[in-house]
Participant: 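Here it is, the structure, as structure tokens.
FYI, side chains are in, hydrogens and waters are out, and symmetry mates aren't considered; it's all heavy atoms of this structure.
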Amino acid sequence: LTVSAGSTITTEALFPERSIGLGVTGRVTSTITGSLTSWAIGAPDDPQRFGTGLSLQKNSWLNGPQTPFVYWAATPLVLTATGGVFSGGSLRLVAHFIELTLPDPV
């Protein structure tokens, strides 16, 4: 994810429809810049679900488990700047989930 300018960043949908979310992990791959002091990551209904007070420095990480949660609709992640705004940087984010599949037709 390339960090763009602003106070929030919304990813593409990382949790598929009807999946069971387990959490999000990530690593800062290029220092996050801007006037912010830290950042938070969550979902649209809970912008701090996976972590707050996260570091801006390259190679810092996040490990945000959650109680298993059903995402009935495809759901993005939301990054929120704390104490300012984003202006640049990059992250590698992984959404961990379970998808149930139907048995093959007979």
Side-chain angles (χ1 to χ4, degrees):
L1 173 69
T2 299
V3 175
S4 57
S7 59
T8 62
I9 299 165
T10 302
T11 69
E12 62 186 55
L14 294 183
F15 287 103
E17 175 183 22
R18 302 180 62 86
S19 65
I20 302 166
L22 303 175
V24 172
T25 57
R27 184 166 304 273
V28 175
T29 56
S30 175
T31 298
I32 298 172
T33 59
S35 59
L36 69 162
T37 55
S38 65
W39 57 286
I41 187 167
D45 64 332
D46 182 358
Q48 299 181 345
R49 179 173 294 158
F50 304 111
T52 61
L54 298 169
S55 175
L56 310 174
Q57 299 305 309
K58 181 179 180 178
N59 280 319
S60 60
W61 52 269
L62 70 104
N63 185 351
Q66 68 176 14
T67 301
F69 183 88
V70 176
Y71 290 96
W72 293 105
T75 303
L77 298 177
V78 177
L79 286 67
T80 304
T82 303
V85 295
F86 296 107
S87 67
S90 61
L91 301 149
R92 183 173 300 130
L93 298 171
V94 179
H96 300 268
F97 58 87
I98 300 168
E99 273 187 293
L100 304 179
T101 58
L102 296 173
D104 291 336
V106 292

Participant: Once you round to the nearest 0.5 Å, how far does CZ of F15 lie from NE2 of H96?
Facilitator: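 The NE2 atom of H96 is 8.5 Å from CZ of F15, to the nearest 0.5 Å.
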Participant: Report the distance from atom OG1 of T67 to atom CD1 of I20, rounding to the nearest 0.5 Å.
Facilitator: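 The OG1 atom of T67 sits 13.0 Å away from the CD1 atom of I20.
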Participant: Do L62 and V24 have side chains that approach each other closer than 4.5 Å (heavy atoms only, starting at C-beta)?
Facilitator: yes
Participant: With heavy-atom distances below 4.5 Å as the criterion, would you say the side chains of L93 and I41 are in contact?
Facilitator: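 Result yes, sub-4.5 Å side-chain heavy-atom pair found.
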Participant: Would you check if the side chain of S90 reaches a backbone N or O of T2 as a donor-acceptor pair within less than 3.5 Å?
Facilitator: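 Judged by distance alone, no pair lies under 3.5 Å.
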Participant: So which heavy atom on W72 is nearest to which on E17, and how close?
Facilitator: O-CG, 3.1 Å
Participant: Is any side-chain heavy atom of L56 closer than 4.5 Å to a side-chain heavy atom of V28?
Facilitator: no
Participant: Over all heavy atoms of both residues, which pair between R49 and A43 is shortest? Give the atoms and the distance, please.
Facilitator: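 Looking at all heavy atoms of both residues, the shortest contact is NH1-CB, 3.5 Å.
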Participant: For E99 versus P16, what's the shortest heavy-atom pair and its separation?
Facilitator: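 Minimum heavy-atom contact is OE2-CB, 3.7 Å.
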Participant: Report yes if the side chains of N63 and T25 come closer than 4.5 Å at any heavy-atom pair, otherwise no.
Facilitator: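 Side-chain contact under 4.5 Å: yes.
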Participant: Rounded to the nearest 0.5 Å, what separates atom CG in L1 from atom OG1 in T29?
Facilitator: 8.5 Å
Participant: Rounded to the nearest 0.5 Å, how far apart are CG of L91 and CG of L77?
Facilitator: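 The CG atom of L91 sits 10.5 Å away from the CG atom of L77.
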Participant: Does a side-chain heavy-atom distance below 4.5 Å link S19 with I98?
Facilitator: no
Participant: Please find the pair of heavy atoms, one from R27 and one from N59, that lie closest to each other, and give the distance.
Facilitator: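 For R27 versus N59, the nearest heavy atoms are NH1-O, 2.6 Å.
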Participant: Given 3.5 Å as the limit, does a donor-acceptor pair link the side chain of T10 with the main chain of V78, or not?
Facilitator: no
Participant: Measure across L22 and P68 and return the closest heavy-atom pair with its distance rounded to 0.1 Å.
Facilitator: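 Answer, listing the atom of L22 first, then P68: CD2-CG, 4.2 Å.
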Participant: With sequence neighbours excluded, tell me which residues meet ring-ring contact (aromatic ring centres under 6.0 Å, His included) with F69.
Facilitator: Y71
Participant: Quick one, T82 with L54, criterion side-chain contact (heavy atoms from CB on, under 4.5 Å). Give me CA distance, side-chain angles, the key distance, then yes/no.
Facilitator: CA-CA 9 Å; T82 303; L54 298 169; over 6 Å; no
Participant: Is it the case that atom CD in E12 sees more than 12 heavy atoms from other parts of the structure closer than 6.0 Å?
Facilitator: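 Counting other residues, nucleotides and ligands, CD of E12 stays at 12 neighbours or fewer.
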Participant: Does any non-hydrogen side-chain atom of T52 lie less than 4.5 Å from one of T80?
Facilitator: no
Participant: Can you name the nearest heavy-atom pair linking F86 to I32, along with the distance?
Facilitator: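 For F86 versus I32, the nearest heavy atoms are CD2-CG2, 3.7 Å.
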